[in-house]
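Below: one structure, written as structure tokens.
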There are 2 protein chains.
Amino acid sequence: MAVDAFAVLAEPTRRRILGRLLEAESSVNELVEALEVSQPTVSKQLKVLREAGFVICRTEAQRRIYRIRAAPFQALDDWLQPYRALWDRHLDALERHLDNLE
Amino acid sequence: MAVDAFAVLAEPTRRRILGRLLEAESSVNELVEALEVSQPTVSKQLKVLREAGFVICRTEAQRRIYRIRAAPFQALDDWLQPYRALWDRHLDALERHLDNLE
DNA sequence: TGCGCATATAACTGTCAAGGCATATACACT
DNA sequence: AGTGTATATGCCTTGACAGTTATATGCGCA
């Protein structure tokens with residue numbers, strides 16, 4: 001996963017944006033109203049999310065419609081995988097981790 | 001999950017410590033040598049990790065043996081759960097296609 | 001009890017990023 | 001063209017935090 005994905009997710013405003021985008025794609029203004037933060041703040045965080053691959057946007061007239069992307073979350077899921085050996089007693093996770101260690 | 005778990009994981013040094021502790025519990029000095037960072041830095045980050053529940057330590061003579069804990073990783077796994085709908089459920093062909101485009 | 005090892009903490013400093021305000025850009029419509 | 005709407009960006013201030021150095025604390029041992 002991108003090295004800084006955790007840094008991206010560390011910001012509460014960005015997590016709120018992602019939570020909202022998980023429900024439905026939205027324009028910038030819809031996010032501004034839903035989250036009650038300023039428009040520049042939303043645009044800035046969307047830029048961070050976009051550059052980290054968490055969202056993409058398309059243009060509809062003057063509006064930009066943002067949509068969430070799966071890839072970074074999958075990468076996060078992958079990163080988490082070896083740590084699942086800590087609690088998942090099912091042999092899969094542990095074996096895979098040990099295999100990856102060689 | 002604790003609100004600031006992502007902030008904890010956002011720090012590369014802390015992730016390195018966790019990666020190392022996943023392999024084996026370690027004393028502070030072992031971490032210092034393995035990661036090649038200063039001892040105060042390790043102690044400081046261990047304190048952050050401890051307060052966030054990522055590690056616990058026991059005392060053995062003058063040494064503190066640190067061990068990783070499962071709970072925060074499980075919480076992270078839980079947080080991730082709704083986002084898994086993005087890829088491991090019925091993702092229709094069009095959406096997958098658009099994702100692949102960018 | 002005094003010394004040395006292992007670890008924690010304090011004070012300081014530099015960096016970086018979030019949010020606010022103001023402004024620029026892009027587009028639609030008349 | 002000119003106006004209003006939607007979004008992006010630049011500048012600025014402020015706060016948080018990582019790393020360093022120096023020092024304190026805890027423990028074992030002679």
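Below, chain A is the first sequence line, B the second, and so on; all start at residue 1. Nothing here was measured: the structure is a model prediction, and the numbers come from that model.
- Straight-line distance from the CD atom of B:Glu36 to the P atom of D:dT20: 12 Å, rounded to whole Å.
- Contact annotation: A:Ser38 reaches the phosphate of C:dG20 (side-chain N/O to OP1 or OP2, under 4.0 Å).
- Side-chain N/O atoms of B:Gln39 and base N/O atoms of C:dA6 include no donor-acceptor pair closer than 3.5 Å.
- For B:Arg16 and D:dA18, the CZ to P distance is 15 Å, given to the nearest whole Å.
- At the phosphate of D:dT9, neither OP1 nor OP2 sits under 4.0 Å from any side-chain N or O atom of A:Ser43.
- Two residues, B:Lys47 and A:Glu11, neighbour DNA chain C, and the one matched to the more 5' nucleotide by heavy-atom proximity is B:Lys47.
- Of the side-chain N and O atoms in A:Thr13, one or more sit less than 4.0 angstrom from OP1 or OP2 of C:dG19.
- Rounded to whole angstrom, the span from the CG atom of B:Leu46 across to the P atom of C:dA6 amounts to 16 Å.
- Distance A:Arg14 CZ to C:dA18 C1': 9 Å, rounded to the nearest Å.
- Taking the side chain of A:Arg50 as heavy atoms from C-beta on, and the options D:dT20, D:dA8, C:dC27, the nearest nucleotide is D:dA8.
- Between C:dT7 and B:Arg63, no contact under 4.0 Å exists linking OP1 or OP2 to a side-chain N or O.
- Base engagement by B:Lys44 is indicated by at least one non-hydrogen atom pair under 4.0 Å involving a base atom.
- Atom CD of A:Glu33 and atom P of D:dT5 are 13 Å apart (whole Å).
- Which of D:dA22, C:dC27, C:dT7 sits closest to the side chain of B:Ser27 comes down to C:dT7.
- Residues B:Arg58 and B:Tyr66 bring no donor and acceptor atom of their side chains to less than 3.5 Å of each other.
- Close to C:dG20, at under 4.0 Å from its OP1 or OP2, lies a side-chain N or O of A:Thr41.
- A:Asn29 has no side-chain polar atom (N or O) that falls below the 4.0 Å cut-off from OP1 or OP2 of D:dT5.
- Side-chain contact of A:Gln39 with A:Ser43: a donor-acceptor pair under 3.5 Å is present, judged by distance alone.
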Start with the C-alpha distance between B:Glu30 and B:Arg20, add both sets of side-chain angles, then the distance that settles salt bridge (charged side-chain N to carboxylate O under 4.0 Å, His left out), and finish with yes or no. CA-CA 10 Å; B:Glu30 283 168 348; B:Arg20 167 82 198 210; 5.1 Å; no

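- In this structure, the CG atom of B:Asp4 is 11 Å from the P atom of D:dA18, given to the nearest Å.
- For A:Tyr83 and A:Trp79, the ring centers are positioned less than 6.0 Å apart.
- Residue-to-nucleotide proximity on DNA chain C shows that, of B:Arg64 and A:Gln45, the 5′-proximal contact is made by B:Arg64.
- Between D:dA8 and A:Gln62, no contact under 4.0 Å exists linking OP1 or OP2 to a side-chain N or O.
- What separates CD of A:Glu30 from P of D:dT5 is a distance of 17 Å, to the nearest Å.
- The side chain of A:Ala61 approaches C:dA28 more closely than any other nucleotide in the set C:dA28, C:dA18, D:dT21.
- Counting only heavy atoms from C-beta outward, the side chains of A:Leu31 and A:Leu21 approach each other to under 4.5 Å.
- Within the 4.0 Å cut-off from OP1 or OP2 of D:dA6, not a single side-chain nitrogen or oxygen of A:Tyr66 is found.
- Going from atom CG of B:Leu35 over to atom P of D:dG19 covers 11 Å, rounded to whole Å.
- Paired with B:Gln45 under the rule side-chain hydrogen bond (donor to acceptor under 3.5 Å, both in side chains), one option of B:Glu11, B:Arg50, B:Arg14, B:Arg16 passes, and it is B:Arg14.
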